[in-house]
K.L.:
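Structure incoming, see below.
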Amino acid sequence: MKGWLVSGLMLLSVTSFAQSKLKKAGIKPDTAVYTSVDMVPEFPGGLERFGAYLAKTKIPALDTTERLPGRMHIQVIVEKDGSLTHFKIVRSSGSKIMDRAYLDRIRQSPKWKPGLLHGRPVRVTYSIPIIVCFTGDE
């Protein structure tokens with residue numbers, strides 16, 4: 001009986017710790033965030049429309065050291081209602097100005113089609129890769 005009591009108390013403390021950690025991160029403890037789902041979240045109109053949406057990003061003037069091609073990744077959570085939250089730059093382009101411009105553009109994004117698991121909308125972590133390149137007329 002003592003073994004069960006100790007195990008129960010340990011389990012209770014781990015659960016409480018995990019819930020307090022989630023509260024600090026701003027995530028409700030009763031809401032899971034998935035990385036693998038049956039249907040991934042989608043920008044209205046699909047990837048092609050999302051590429052066109054990102055291409056319209058207004059980037060302030062950059063000096064020549066910041067005008068290097070590169071890649072960046074921005075991670076977001078697509079909520080059950082399709083809104084985007086918890087924005088995080090996972091890989092920087094190397095230019096803080098450019099990172100901020102793309103992050104702001106994604107924050108302004110319209111609601112997405114949410115990810116589905118077993119036919120129900122769920123919260124999904126979604127990574128957005130962005131390839132940055134410049135043409136001669138910029």
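The analysis underlying the following values was restricted to heavy atoms, covering all of them including side chains, and did not include hydrogens, waters or symmetry mates.
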K.L.:
For the atom pair OG (Ser95) and OH (Tyr102), what is the distance rounded to the nearest 0.5 Å?
P.N.:
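Between Ser95 OG and Tyr102 OH, I get 10.5 Å after rounding to 0.5 Å.
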K.L.:
Can you get from Leu47 to Leu54 by hopping between Ile, Leu, Val, Met, Phe, Trp and Tyr side chains that sit under 4.5 Å apart?
P.N.:
yes
K.L.:
Is the Phe43 ring parallel, tilted or perpendicular to the Tyr53 ring (thresholds 30°, 60°)?
P.N.:
tilted
K.L.:
Please find the pair of heavy atoms, one from Pro44 and one from Pro110, that lie closest to each other, and give the distance.
P.N.:
CG-CG, 4.3 Å
K.L.:
Check Gly82 against Pro114 and note the closest heavy-atom contact, atom names and distance.
P.N.:
N-CB, 4.3 Å
K.L.:
Quick check for you: to the nearest 0.5 Å, what is the distance between Lys88 atom NZ and Thr125 atom OG1?
P.N.:
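So the gap between those two atoms works out to 10.0 Å.
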K.L.:
Are Ser83 and Lys111 side-chain neighbours, meaning at least one heavy-atom pair lies under 4.5 Å?
P.N.:
yes
K.L.:
How far does NZ of Lys80 sit from CZ of Arg123, to the nearest 0.5 angstrom?
P.N.:
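It is 8.0 Å, given to the nearest 0.5 Å.
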K.L.:
Heavy-atom distance under 4.5 Å between the side chains of Ile106 and Val76, does that happen here?
P.N.:
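Touching, per the 4.5 Å side-chain cut-off.
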K.L.:
Could you check whether any side-chain heavy atom of Arg105 comes within less than 4.5 Å of a side-chain heavy atom of Lys56, counting everything from C-beta outward?
P.N.:
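The answer is yes; the side chains approach within 4.5 Å.
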K.L.:
For Thr85 and Glu79, does a side-chain donor sit closer than 3.5 Å to a side-chain acceptor?
P.N.:
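Indeed, the side chains of Thr85 and Glu79 share at least one donor-acceptor pair under 3.5 Å.
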K.L.:
Within this structure, what is the CG-CD1 distance for the pair Leu84 and Ile77, rounded to the nearest 0.5 Å?
P.N.:
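CD1 of Ile77 is found 10.5 Å from CG of Leu84.
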K.L.:
Linking I/L/V/M/F/W/Y whenever their side-chain heavy atoms sit closer than 4.5 Å, directly or via other members, would Tyr34 and Ile128 fall into one cluster?
P.N.:
no
K.L.:
Which heavy-atom pair separates Val37 from Val124 by the least distance, and what is that distance?
P.N.:
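So the two residues come closest at CG1-CG2, 3.7 Å.
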K.L.:
Between Gly94 and Ser92, what is the shortest heavy-atom contact and its length?
P.N.:
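Here Gly94 and Ser92 meet closest at N-OG, 3.0 Å.
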K.L.:
Taking the six-membered ring of Phe87 as reference, does the NZ or CZ atom of Arg107 fall below 6.0 Å from its centre and within a 45° cone about the axis?
P.N.:
yes
K.L.:
If the test is side-chain contact (heavy atoms from CB on, under 4.5 Å), which one of Ile74, Thr57, Asp99 qualifies with Ile130?
P.N.:
Ile74
K.L.:
As an exercise, state the distance from OG of Ser93 to NE2 of His73, rounded to the nearest 0.5 Å.
P.N.:
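If I round to the nearest 0.5 Å, the distance is 12.0 Å.
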K.L.:
Hey, could you give me the CE/CE distance between Met72 and Met98, rounded to the nearest 0.5 Å?
P.N.:
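CE of Met98 is found 8.0 Å from CE of Met72.
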